[in-house]
Amino acid sequence: MTVTTAPTKTPPADPAALHEAVIAWFEEHARDLPWRRPEAGAWGVMVSEFMLQQTPVNRVLPVYAQWLERWPTPAALALEAPGEAVRAWGRLGYPRRALRLHAAAVAIHERHGGQVPRRHEHLLALPGIGEYTAAAVASFAYGQRHPVLDTNVRRVFARAVTGTQYPPSATTAAERRTARELLPQDEARAAHWAAATMELGALVCKSATPVCAACPIAASCAWRLAGSPAHTGPPRRTQTYAGTDRQVRGRLLAALRDSPTPLPQSTLDKTWHDPVQRARALDTLVADGLVEPLTNGVYRLPQTREPGTTEAPPQ
DNA sequence: AATCCGTGGTC
DNA sequence: TGACCAAGGAT
């Protein structure tokens with residue numbers, strides 16, 4: 001017999017049935033997260049998305065609440081010194097995100113009349129917003145129809161559609177096509193689908209310990225139907241932390257965060273034993289704009305605007 | 001495209 | 001106990 005077409009994968013279950021099952025599950029099991037409440041607004045959604053980049057929900061919750069209370073609008077944050085954003089970021093990790101969120105607030109203040117832009121293209125142009133975050137804000141804050149491909153959704157699709165335990169290390173064109181083809185036509189339904197597939201990945205289709213017994217689409221899951229085969233191919237590399245520059249940067253920045261006043265070099269020296277690595281870490285912090293050097297070897301969190309932003313000092 | 005960028009919880 | 005993992009982005 002001749003194969004005239006080239007179906008590469010198991011035919012996906014009826015998309016409409018998938019949509020219905022996952023969205024119904026979501027309506028029953030979705031967590032009541034503050035950024036999902038109507039009063040969060042687009043700014044609340046955007047702040048949450050920045051904080052949730054590579055940081056678990058439970059650690060974001062308290063910082064998110066303090067942040068929105070202090071800076072309820074983009075303009076409020078834009079008028080602050082960037083160092084205050086870095087300080088308020090606390091121990092969420094990857095503090096460059098705080099700087100980027102501040103810079104995004106400045107851009108929104110200057111270019112968008114203080115309103116978080118609706119258009120995906122404009123969102124994508126903001127600092128700290130990439131393909132995922134632009135789609136997430138457009139979808140969750142404004143109810144638009146965009147493929148939202150985060151690590152959760154990629155894992156759900158890898159298993160349910162492709163039949164592999166894990167998605168590829170980097171997002172592929174095939175994944176984007178799958179996400180696009182599976183996106184419901186109806187705009188509001190597409191936004192619910194995006195949130196629902198993310199939640200399914202976070203609560204049920206988890207990376208190390210999937211709870212297939214609780215999965216609404218287990219019966220049609222390609223990975224399960226294939227016998228839940230283990231990952232094949234090169235081992236997925238996990239990044240080390242202890243002893244790296246990242247750890248040193250973390251020490252240095254923690255000291256500066258916890259001090260209301262600038263710190264002398266001698267104090268920073270106590271945060272790490274190796275002077276070479278210490279100096280390198282401090283250099284990169286300054287280069288990143290996370291630390292501001294003063295004269296006489298004194299350092300503080302940045303009080304001046306990031307380069308590239310306009311300055312309008314009151315005289 | 002591979003690497004860098006924090007932090008802390010989980011099993 | 002240490003590897004794995006968490007709603008990525010920039011270069």
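We name chains A, B, ... by the order of the sequence lines, and we start the count at 1 in each one. Hydrogens, waters and symmetry mates play no part in the numbers below; they use all other heavy atoms, side chains included. If you're wondering where the values come from, they're calculated on a predicted model, not measured in any experiment.
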Do any of residues 21-51 of chain A sit with a heavy atom less than 4.0 Å from DNA chain B, and if so which?
-> none
Please check the phosphate of dC5(C) (OP1 and OP2 only) for any side-chain N or O of Thr238(A) closer than 4.0 Å.
-> no
Spacing of His231(A) atom NE2 relative to dA3(C) atom P, expressed in whole Å | 18 Å
To the nearest Å, how far apart are Tyr132(A) OH and dA10(C) C1'?
-> 18 Å
Say whether, by atom type as modelled, one donor and one acceptor occur between the side chain of Gln277(A) and the main chain of Val248(A) under 3.5 angstrom.
-> no
Distance, rounded to the nearest Å, where Tyr64(A) contributes OH and dA6(C) contributes P | 22 Å
Contact class for Ser169(A) vs. all strands (heavy atom < 4.0 Å): base, sugar-phosphate, or nothing?
-> nothing
Spacing of Lys206(A) atom NZ relative to dA7(C) atom C1', expressed in whole Å = 16 Å
Can you check the Leu149(A) CG to dG9(C) P distance for me, whole Å?
-> 11 Å
Between Arg189(A) and Glu20(A), does at least one N-O distance fall below 4.0 Å, as a salt bridge requires?
-> yes
Rounded C1' spacing from dT1(C) to dC5(C) in Å = 16 Å
Distance under 6.0 Å and angle within 45° of ring axis: Arg236(A) vs Tyr166(A) | yes
Do side-chain atoms of Arg159(A) reach the backbone of Trp223(A) as a donor and acceptor pair under 3.5 angstrom?
-> no
Most 5' of Thr151(A) and Arg237(A) on DNA chain C, judged by nearest nucleotide = Arg237(A)
For Glu39(A), look at atom CD and say whether over 12 heavy atoms of other residues, nucleotides or ligands are found less than 6.0 Å away.
-> yes
Tyr166(A) OH to dA6(C) P, straight-line distance once rounded to whole Å | 9 Å
Below 3.5 Å is the cut-off: list the nitrogen or oxygen pairs between protein and nucleotides 6-9 of chain B, distance only.
unit_1 : atom_1 : unit_2    : atom_2 : d
dG6(B) : OP1    : Pro95(A)  : N      : 3.4
dG6(B) : OP2    : Arg249(A) : NE     : 2.3
dG6(B) : OP2    : Arg249(A) : NH2    : 3.2
dG6(B) : O4'    : Tyr94(A)  : N      : 2.8
dG6(B) : N7     : Tyr94(A)  : OH     : 3.3
dG6(B) : N7     : Arg246(A) : NH2    : 3.3
dG6(B) : O6     : Tyr94(A)  : OH     : 3.2
dG6(B) : N1     : Gln54(A)  : O      : 3.3
dG6(B) : N2     : Gln54(A)  : O      : 3.1
dG6(B) : N2     : Thr55(A)  : OG1    : 3.0
dG6(B) : N2     : Leu92(A)  : O      : 3.0
dT7(B) : OP2    : Tyr241(A) : OH     : 3.1
dT7(B) : O2     : Arg59(A)  : NH1    : 2.8
dT7(B) : O2     : Arg59(A)  : NH2    : 3.2
dG8(B) : OP1    : Arg91(A)  : NE     : 2.4
dG8(B) : OP2    : Arg91(A)  : NH2    : 3.2

Backbone of Trp193(A) reached by a side-chain donor or acceptor of Thr197(A) within 3.5 Å | yes
Ring centres under 6.0 angstrom apart (Trp71(A), Trp43(A)) | no
Between P of dG8(C) and CZ of Arg154(A), the distance in whole Å | 10 Å
With sequence neighbours excluded, what pairs up with Tyr94(A) under the ring pair (Phe, Tyr, Trp, His ring centres under 6.0 Å) test?
-> none
Grab the CG-P distance between Leu123(A) and dA7(C) for me, whole Å please.
-> 21 Å
Which value, in whole Å, describes the distance between the P atoms of nucleotides dG8(B) and dG9(C)?
-> 23 Å
Flag yes if more than 12 heavy atoms outside Glu131(A) fall under 6.0 Å of its CD atom; otherwise flag no.
-> no
